[in-house]
Amino acid sequence: MEEAKVFEAKDRTISVASAFPGHQGVVQDRDHKFLTQAIDEAYKGVECKDGRPFGAVVVRNDEVVVSCHNMVLRNTDPTAHAEVTAIREACKKLNQIDLSDCEIYASCEPCPMCFGAIHLSRIKKLVYGAKAEAAVAIGFDDFIADGLRGTGFYQKAHLEIKKADGSDAVIAEQVFEKTKEKFTLY
């Protein structure tokens with residue numbers, strides 16, 4: 001697997017190129033709008049005690065199909081992560097399992113399970129805010145830190161992957177620090 005590359009723009013923002021050839025990730029204004037909604041979902045999920053601080057939004061043709069947050073606690077379901085919940089809801093709403101005409105925006109780098117669900121649903125683009133290490137820093141399992149990096153070897157690279165940079169990344173990472181007192185880990 002090719003090493004991720006870091007680019008510094010003239011405005012001093014940093015963008016990270018995906019480990020997949022040809023997928024340089026620079027989050028645009030359009031991406032910022034949907035990523036912000038995913039981050040808002042992360043806060044919402046913690047506030048209403050449905051789950052942990054993770055949010056996801058599925059978009060098709062520049063329209064939000066679904067906006068979801070982690071539902072692990074509410075559903076008593078360890079697989080009810082924000083991304084999986086969003087994919088399930090999008091499939092129901094669109095009455096199809098192939099989401100190849102959709103994109104997903106996640107407040108945090110997906111865990112291996114979520115990445116697998118994204119891949120299996122054939123979503124064409126993933127934009128995430130916080131690196132997994134931001135969740136690990138407040139006590140989440142460090143297994144998630146290898147979510148994209150570990151499974152990227154096995155996927156066919158039909159998925160465009162972008163990591164938020166600058167203020168988008170900082171705002172996404174703040175979700176963990178600002179909500180850690182409101183939930184307990186296993």
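In what follows, every heavy atom counts, from backbone to side chain, and hydrogens, waters and symmetry copies are set aside.
- A 4.5 Å side-chain heavy-atom check between V64 and Q37 finds at least one atom pair inside the cut-off.
- Between V127 and E103 the shortest side-chain heavy-atom distance does not fall below 4.5 Å.
- Contact detail for A169 and A164: the closest heavy-atom pair is CB-O, 3.6 Å.
- Other residues, nucleotides and ligands place no more than 12 heavy atoms under 6.0 Å from the CD1 atom of I97.
- The CZ atom of R60 sits 10.5 Å away from atom NZ of K124, with the distance rounded to the nearest 0.5 Å.
- Annotation: Y128 is not in aromatic contact with F115 [ring centroid separation under 6.0 Å not met].
- Here NZ of K178 is found 13.5 Å from CD1 of I138. Values are rounded to the nearest 0.5 Å.
- Taking every heavy atom of both residues into account, A80 and T85 meet most closely at O-OG1, 3.3 Å.
- The pair K125-D31 counts as a salt bridge, with a side-chain nitrogen and a carboxylate oxygen less than 4.0 angstrom apart.
- For the side chain to side chain contact (heavy atoms under 4.5 Å, CB included) with I104, the lone residue among I87, V59, V57 that qualifies is I87.
- Looking at S107, its side chain never comes within 3.5 Å of a backbone N or O of I39 through a donor-acceptor pair.
- The minimum heavy-atom distance between H69 and C48, with the atom names listed, is NE2-SG, 3.9 Å.
- By the criterion of side-chain heavy atoms lying less than 4.5 angstrom apart, applied directly or through intervening Ile, Leu, Val, Met, Phe, Trp or Tyr residues, L94 is grouped together with L126 in one hydrophobic cluster.
- Applying the side-chain hydrogen bond (donor to acceptor under 3.5 Å, both in side chains) criterion to D40, with sequence neighbours excluded, gives no partner residue.
- Side chain of E41 to backbone of G55: no donor-acceptor contact under 3.5 angstrom is found.
- Note on ring orientation: taking the six-membered ring where Trp is involved, the planes of F176 and F140 are perpendicular (angle over 60°, cut-offs 30° and 60°).
- In the model, N70 has no side-chain atom that pairs as donor or acceptor with a side-chain atom of H81 under 3.5 Å.
- The shortest distance between side-chain heavy atoms of K44 and E47 does not fall below 4.5 Å.
- Put simply, the side chain of P110 reaches to within 4.5 Å of the side chain of I118, judged on heavy atoms.
- The structure places CG of D168 at 5.5 Å from OG1 of T36, a figure rounded to the nearest 0.5 Å.
- No side-chain heavy atom of K93 sits under 4.5 Å from any side-chain heavy atom of V58.
- For C108 against A132, the heavy-atom pair with the smallest separation is SG-CA, 4.0 Å.
- With sequence neighbours left out, the side-chain hydrogen bond (donor to acceptor under 3.5 Å, both in side chains) criterion links T79 to D77, R88.
- Salt bridge present: K180 and E177 bring a charged side-chain N and a carboxylate O closer than 4.0 Å.
- Partners of Y43 under the ring pair (Phe, Tyr, Trp, His ring centres under 6.0 Å) rule, at least two apart in sequence or in another chain, do not exist in this structure.
- Pairing each heavy atom of L99 with each of A90, the nearest pair is CD1-CB, 4.1 Å.
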Residues L73, K49; criterion side-chain contact (heavy atoms from CB on, under 4.5 Å); working and verdict: CA-CA 7 Å; L73 299 176; K49 299 184 185 337; 5.8 Å; no
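- Shown here for E173 and A130, the closest heavy-atom pair between the two residues is CG-CB, 3.4 Å.
- Here CD of E83 is found 10.5 Å from SG of C68. Values are rounded to the nearest 0.5 Å.
- Put simply, the side chain of Q96 reaches to within 4.5 Å of the side chain of D101, judged on heavy atoms.
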